[in-house]
Amino acid sequence: MIEKETVDHYNSRLTVDMSQPSKLTASQKDQVRHYGSLAEAVLKNKDVAMFVHHFKFSLADELASIRTHLPEDNARRIALSNELSGIDNFVNSLKRAVYLKNRIGNTPDVPSV
């Protein structure tokens, strides 16, 4: 069953259009900064990195251990490759959030006089 907290986290995901960062409102920029800071914290967490790398190496070992080319083996290869790709996509999404945070800048907007 889906918890209320999970739904709240999903609803608070980053949904701003970053094609023109100069047109973002101050609250949208704060949202980008906050989201990027959370992603940066995950990327810098050595424990998370260790588990991600262990999982990737485990998948790579399993992929390398498939020696035959039967249809079942080929399907397993595709499934394992998709899992590896999914992990890489997840890490890349974290890196993109950090990039967007840095693109916005860490200082709040100061109105010009």
Side-chain angles (χ1 to χ4, degrees):
M1 178 160 198
I2 297 176
E3 301 290 324
K4 181 180 178 349
E5 183 178 288
T6 305
V7 173
D8 291 340
H9 284 301
Y10 177 77
N11 289 336
S12 68
R13 72 194 182 282
L14 188 62
T15 57
V16 297
D17 179 18
M18 288 298 298
S19 62
Q20 295 180 326
S22 61
K23 292 188 177 183
L24 294 177
T25 65
S27 69
Q28 288 174 322
K29 288 180 180 181
D30 285 343
Q31 185 182 8
V32 170
R33 285 185 198 105
H34 177 68
Y35 196 74
S37 295
L38 292 175
E40 192 170 26
V42 171
L43 284 171
K44 288 183 177 180
N45 186 318
K46 292 186 186 304
D47 294 330
V48 171
M50 178 197 66
F51 281 104
V52 167
H53 287 296
H54 284 185
F55 184 70
K56 286 174 69 174
F57 285 131
S58 172
L59 288 175
D61 286 344
E62 195 173 339
L63 188 59
S65 71
I66 301 172
R67 299 286 183 209
T68 60
H69 293 282
L70 299 172
E72 298 83 23
D73 293 332
N74 290 336
R76 184 71 183 141
R77 260 188 215 93
I78 292 169
L80 291 169
S81 298
N82 287 339
E83 284 187 59
L84 277 169
S85 177
I87 292 294
D88 283 340
N89 287 339
F90 170 68
V91 172
N92 287 337
S93 72
L94 293 173
K95 289 178 181 179
R96 176 159 172 72
V98 173
Y99 166 77
L100 293 175
K101 177 194 103 163
N102 293 335
R103 186 173 171 199
I104 292 292
N106 291 327
T107 57
D109 292 333
V110 178
S112 56
V113 180

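Everything quoted here is computed from the prediction, not taken from an experiment.
Both Leu43 and Ile87 belong to a common hydrophobic cluster when Ile, Leu, Val, Met, Phe, Trp and Tyr are linked at side-chain heavy-atom distances under 4.5 angstrom. Linking ILVMFWY residues whenever their side-chain heavy atoms come closer than 4.5 Å, directly or via other members, places Leu80 and Val91 in the same cluster. Residues Val32 and Val42 are members of separate hydrophobic clusters, defined by side-chain heavy-atom contacts under 4.5 angstrom among Ile, Leu, Val, Met, Phe, Trp and Tyr.
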Which atom pairs, donor and acceptor, lie under 3.5 Å between side-chain atoms of residues 47-60 and protein residues at least two apart or in another chain?
| residue | atom | partner | partner atom | Å |
| --- | --- | --- | --- | --- |
| Lys56 | NZ | Asp88 | OD1 | 2.8 |

Query raised in the report: Checking side chain to side chain contact (heavy atoms under 4.5 Å, CB included) for the pair Asn92/Lys95: CA distance, chi angles, key distance, verdict?
Result: CA-CA 5 Å; Asn92 287 337; Lys95 289 178 181 179; 4.2 Å; yes

**Report entry** Test log, rule side chain to side chain contact (heavy atoms under 4.5 Å, CB included), inputs His34 and Asp30
**Finding:** CA-CA 6 Å; His34 177 68; Asp30 285 343; over 6 Å; no

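When atom types are taken as modelled, the side chain of Ser85 and the backbone of Ser81 share no donor-acceptor pair closer than 3.5 angstrom. Side-chain N or O atoms of Ser65 include one that pairs as donor or acceptor with a backbone N or O of Glu62 at under 3.5 Å.
Here Leu94 contributes atom CG and Glu40 contributes atom CD; the two are 11.0 Å apart, rounded to the nearest 0.5 Å. Rounded to the nearest 0.5 angstrom, Leu70 CG and Arg76 CZ are separated by 14.5 Å. The line from OG1 of Thr25 to CD of Gln31 is 8.5 Å long, rounded to the nearest 0.5 Å.
Here the closest non-hydrogen pair linking Pro21 and Ile104 is CB-CD1, 3.9 Å. Looking at every heavy atom in both residues, Gly36 comes nearest to Val98 through O-CG2, 3.6 Å.
Residues near Ile78 contribute nothing to a hydrophobic cluster around it, because no ILVMFWY side-chain heavy atom sits closer than 4.5 Å to its side chain.
Within a 6.0 Å sphere centred on CZ of Arg77, other residues, nucleotides and ligands contribute more than 12 heavy atoms.
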